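Below is one structure; the comments refer to it alone.
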Amino acid sequence: MILFAVGNEVLHRNEISELELIAYIKRVKEAIPTIPVGYVDAYYQFLERPELVTTSDVLLVNFYPFWEGANNDYSVSYLQNMMELTQTISKGKKIIIAETGWPSKGENVQEALPSEMNAMKYFIASQEWAKNNNFELFYFSSFDESWKVKQEGTVGTAWGIWDKNEKLKFELKTDTYVI
């Protein structure tokens, strides 16, 4: 599926107004009317902005149970709840999980504990959940991003499946994951 994403978390960071974003989306839709156009942001941004949902052809939504302090043991239930809330306001439009993930190190957020084990558990569980429920999911991130330390602390640097040196953090052994 080909689609256009107009903006990524610009409302979350208060970089532009909702009206400005909607104007950009409409401008892109007019320029390329045969390709679906959407916007990427946290699910609650869509919950709070019905006009954004109406204007978008597809909802490109970020779901992060970690940032909301979810215990890893309940993270997929939390993910499911985020999806269900988004579905209630989606007006039947396709929802694509543009980002989700779990950090392997850094600071705790309430009951959300970053660790290599929790990162791998969430990776596997979220992939299985998406497959079993026929949802498209993009996992964040492929590689650790050491430059994010200034913005998000250590936790911001450790979301990758590979480390900053392109070394896979987790090993496969037959049909099970070894950490």
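Predicted, not measured: the structure shown is a model, and the values here were computed from it. What's counted below: heavy atoms across the whole structure, side chains too, no hydrogens, waters or symmetry copies.
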Before we go on, tell me: are the rings of W159 and F66 under 6.0 Å apart, centre to centre? yes
Of all heavy-atom pairs linking S146 and T157, the shortest is O-CG2, 3.7 Å
So do the side chains of V149 and E152 get within less than 4.5 Å of each other, counting heavy atoms only? no
Hey, could you give me the NZ/OG distance between K121 and S126, rounded to the nearest 0.5 Å? 13.0 Å
Using modelled atom types and a 3.5 Å cut-off, is there a donor and acceptor pairing between side-chain atoms of R49 and backbone atoms of Y44? no
For S75 and P65, work out which heavy atoms get closest and say how close. O-CG, 3.6 Å
I need the L137 CG to I95 CD1 distance, nearest 0.5 Å. 13.0 Å
Find the distance between CD (E107) and OG1 (T154) and round it off to the nearest 0.5 Å. 5.0 Å
Does L113 offer a backbone N or O that forms a donor-acceptor pair with the side chain of W102 under 3.5 Å? yes
At what distance, to the nearest 0.5 angstrom, does CE of M83 lie from OG1 of T100? 10.0 Å
For K131, is there an ion pair with E128 - N to carboxylate O distance below 4.0 angstrom? no
Does a donor on one side chain and an acceptor on the other come within less than 3.5 Å for N62 and Y64? no
I need the D41 CG to L60 CG distance, nearest 0.5 Å. 10.5 Å
Using a distance-only test with no angle check, is there a side-chain donor-acceptor pair under 3.5 angstrom linking S104 and K169? yes
Indicate the atoms forming the closest heavy-atom contact of K105 with A158, along with that distance. CG-CB, 3.3 Å
W129-F135 aromatic ring centre distance below 6.0 Å: yes
Would you check if the side chain of N165 reaches a backbone N or O of K167 as a donor-acceptor pair within less than 3.5 Å? no
Verify the neighbour count for atom CZ of F140: are there more than 12 heavy atoms of other residues, nucleotides or ligands below 6.0 Å? yes
When you check the gap from the basic side-chain N to the acidic O, do D57 and K29 get nearer than 4.0 Å? yes
Short side-chain donor-acceptor distance under 3.5 Å, T54 and K91: yes
I89 to L59 - nearest heavy-atom pair and separation: CD1-CD1, 4.4 Å
Compute whether any side-chain donor of one residue and acceptor of the other, for T55 and Y39, lie under 3.5 angstrom apart. no
Can you check side-chain contact (heavy atoms from CB on, under 4.5 Å) on E18 and Q45, steps first, answer last? CA-CA 10 Å; E18 178 184 359; Q45 296 291 345; over 6 Å; no
Is any side-chain N of the basic residue among E136 and K94 closer than 4.0 Å to the acidic one's carboxylate O? yes
Looking only at atom types and distance, does a side-chain atom of K93 sit under 3.5 Å from a main-chain N or O of V53, one as donor and one as acceptor? yes
Tell me the closest heavy-atom pair linking P114 and N108, and the distance in Å. CD-OD1, 3.2 Å
Could you check whether S17 and E20, counting side-chain N and O atoms only, form a donor-acceptor pair closer than 3.5 Å? yes
Kindly indicate whether the side chain of W162, heavy atoms from C-beta on, has any atom under 4.5 Å from the side chain of D144. no
Taking atom CZ of F143 as the centre, does the number of heavy atoms from other residues, nucleotides or ligands within less than 6.0 Å exceed 12? yes
Taking L11 as the starting point, is it possible to reach V28 by hopping between hydrophobic residues whose side chains are less than 4.5 Å apart? yes
Examine the side chains of Q127 and Y139 and answer whether a donor and an acceptor come within less than 3.5 Å of each other. no
For F138 and I97: C-alpha separation, side-chain torsions, deciding distance, then whether side-chain contact (heavy atoms from CB on, under 4.5 Å) applies. CA-CA 6 Å; F138 292 90; I97 302 169; over 6 Å; no
So how far is it from I25 CD1 to E51 CD, rounded to the nearest 0.5 Å? 10.0 Å
Should the ring pair F63 and Y43 be called parallel, tilted or perpendicular, given that the plane angle runs from 0 to 90° and is split at 30 and 60? tilted
Would L19 and F46 show up in the same hydrophobic cluster when neighbours are defined by side-chain heavy atoms closer than 4.5 Å? no
Taking N118 for its side chain and N72 for its backbone only, find out whether a donor-acceptor pair lies under 3.5 Å. no
